[in-house]
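This report concerns only the one structure given below.
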Amino acid sequence: MSYRDRRPLGNTPVAARIRGFANNRLGAVYSALYGFWSSRYAAVTTGEQIAGARRDAYSVVLFDEDTENLLVNDFTSTPDQLLSAMLNVRVYVGTDFSGALRAAHTVMIQNWSTERTPIMIFLSDGECDVSDEAIQDVCRSAVQRGKPLSFHAVSFGPDGSTATLRRMARLALDIQNNAPRDPLLPARRVFLPPSLPPLTRCGLRRHS
């Protein structure tokens, strides 16, 4: 994530803060997360959520060769507070998709709620490999608890590094599509951008 072929967006209120910490692929990840959190926060605070929609709970698992649960089941932090928490953590080299999935799985199970649909957004530059079973186990665990996992992979690396993320997204989507329909929470109540496919390639603005 230290390569500088992807960098944070430059036209945001937090661009300088993110660049000062990570003016590279990692910073692009933080910029994308801040944008997502801000759009969700605006929907809540301006009353744009439809009646009956449940509030988001955010968990963030950082990973390199190890994992760290930075935020778990957070209902209250603002986008700026969420970003500040991430910028206070030093990230090291290395990538372990299997470890990241295990950690995310544990967080999902420990904070399971029948009132919310589990959504996992996996952001990486794709520089790793993982077994089919690693992602399938997470998805099947959610199905067994009554709600299929909505898994989305976002790539911040080059085209040649997306194979593993694409496979993860495809395997997860297969399980989600074949899971019994959740009668308590129809699909229309899952608040993700409707255009977001299982794998998204994210090329944020490049700076010379």
Report summary line: For F75, the other hydrophobic cluster members (4.5 Å side-chain criterion, sorted by chain and number) are none

Requested in this report: Quick one: closest heavy-atom pair of A169 and A153, and the distance?
Outcome: CB-CB, 4.5 Å

Query raised in the report: How far apart are the closest heavy atoms of R25 and P158, and which atoms are they?
Result: NH2-CD, 3.3 Å

Query - Other residues, nucleotides, ligands: >12 heavy atoms within 6.0 Å of Y41 OH - result: no

Query raised in the report: Does D80 pair with R17 as a salt bridge, N-O distance under 4.0 Å?
Result: yes

Requested in this report: List for me each residue that meets side-chain contact (heavy atoms from CB on, under 4.5 Å) alongside A104, sequence neighbours excluded, and say none if there are none.
Outcome: M120

Query - Among V138, T67, D96, the one residue meeting side-chain contact (heavy atoms from CB on, under 4.5 Å) with R102 - result: D96

Query raised in the report: What's the spacing between D56 CG and I119 CD1 if we round to 0.5 Å?
Result: 7.5 Å

Query raised in the report: Should F63 and E68 count as side-chain neighbours, where that means a heavy-atom distance under 4.5 Å?
Result: no

Query - Nearest-0.5 Å distance, CG of residue L171 to SG of residue C139 - result: 8.0 Å

Query raised in the report: When you measure from the side chain of T162 to the backbone N and O of L165, does any donor-acceptor pair fall under 3.5 Å?
Result: no

Query raised in the report: Can you name the closest pair of heavy atoms from F36 and I121 and give their distance?
Result: CZ-CD1, 4.3 Å

Query raised in the report: Is S31 reaching over with its side chain to a backbone N or O of G27, donor-acceptor style, under 3.5 angstrom?
Result: no

Report task. Please assess I135 against V130 for the test side-chain contact (heavy atoms from CB on, under 4.5 Å), listing each intermediate value before the final yes or no. Result -> CA-CA 8 Å; I135 181 64; V130 71; 5.7 Å; no

**Report entry** Nearest heavy atoms of P118 and M108, plus distance in Å
**Finding:** CB-SD, 4.0 Å

**Report entry** Check: S141 and I109 side chains under 4.5 Å, non-hydrogen atoms
**Finding:** yes

Requested in this report: Check the pair D159, R166 against salt bridge (charged side-chain N to carboxylate O under 4.0 Å, His left out), reporting the backbone distance first and the verdict last.
Outcome: CA-CA 11 Å; D159 287 334; R166 290 183 186 279; 5.3 Å; no

Query raised in the report: Can you find a pair of side-chain heavy atoms, one from I18 and one from L83, that are under 4.5 Å apart?
Result: yes

Query raised in the report: Roughly how far, to the nearest 0.5 Å, is OH of Y34 from OG of S84?
Result: 9.0 Å

Query raised in the report: Can you tell if the side chain of Y58 reaches within under 4.5 Å of the side chain of L71, non-hydrogen atoms only?
Result: no

Requested in this report: Check whether V61 and W112 end up in the same hydrophobic cluster, where Ile, Leu, Val, Met, Phe, Trp and Tyr are linked by side-chain heavy atoms less than 4.5 Å apart.
Outcome: no

Report task. Is it possible for you to say whether V107 and F151 belong to one hydrophobic cluster, with membership spreading through side-chain heavy-atom contacts below 4.5 Å? Result -> no

Query - Carboxylate-amine/guanidinium proximity below 4.0 Å for R170 and D132 - result: no

Requested in this report: Grab the two heavy atoms, one from R19 and one from G10, that are nearest each other, plus how far apart they are.
Outcome: NH2-CA, 3.0 Å

Query raised in the report: Can you check whether A142's main-chain N or O pairs, donor with acceptor, with K147's side chain at less than 3.5 Å?
Result: no

Requested in this report: Describe, in one word, how the ring planes of F97 and F122 are oriented to each other, choosing from parallel (under 30°), tilted (30 to 60°) and perpendicular (over 60°).
Outcome: perpendicular

Query - M86 side chain reached by L33 side chain, heavy atoms, under 4.5 Å - result: yes

Query raised in the report: Among the clusters formed by ILVMFWY side chains lying less than 4.5 Å apart, do V72 and L123 turn up in the same one?
Result: no

**Report entry** Inter-residue atom distance R7.CZ - L26.CG, 0.5 Å rounding
**Finding:** 13.5 Å

Query raised in the report: If you round to the nearest 0.5 Å, how far is OG1 of T76 from CG of D74?
Result: 4.5 Å

Query raised in the report: Does I175 sit in a hydrophobic cluster with other residues, and if so which ones, taking ILVMFWY side chains as linked at heavy-atom separations under 4.5 Å, directly or through other members?
Result: V143

Requested in this report: Mind checking the NE2-CG spacing from H105 to L149? Nearest 0.5 Å is all I need.
Outcome: 9.5 Å

**Report entry** side-chain contact (heavy atoms from CB on, under 4.5 Å) evaluation trace for L62 with V60
**Finding:** CA-CA 6 Å; L62 298 179; V60 175; 4.1 Å; yes

Query raised in the report: Can you check whether M168 reaches T164 side chain to side chain, under 4.5 Å on heavy atoms?
Result: yes

Requested in this report: Following the transitive rule for hydrophobic clusters with a side-chain heavy-atom cut-off under 4.5 Å over Ile, Leu, Val, Met, Phe, Trp and Tyr, establish whether V89 and V14 coincide in one cluster.
Outcome: yes

Query raised in the report: Does the side chain of Q136 come within less than 4.5 Å of D174's, by heavy atoms?
Result: no

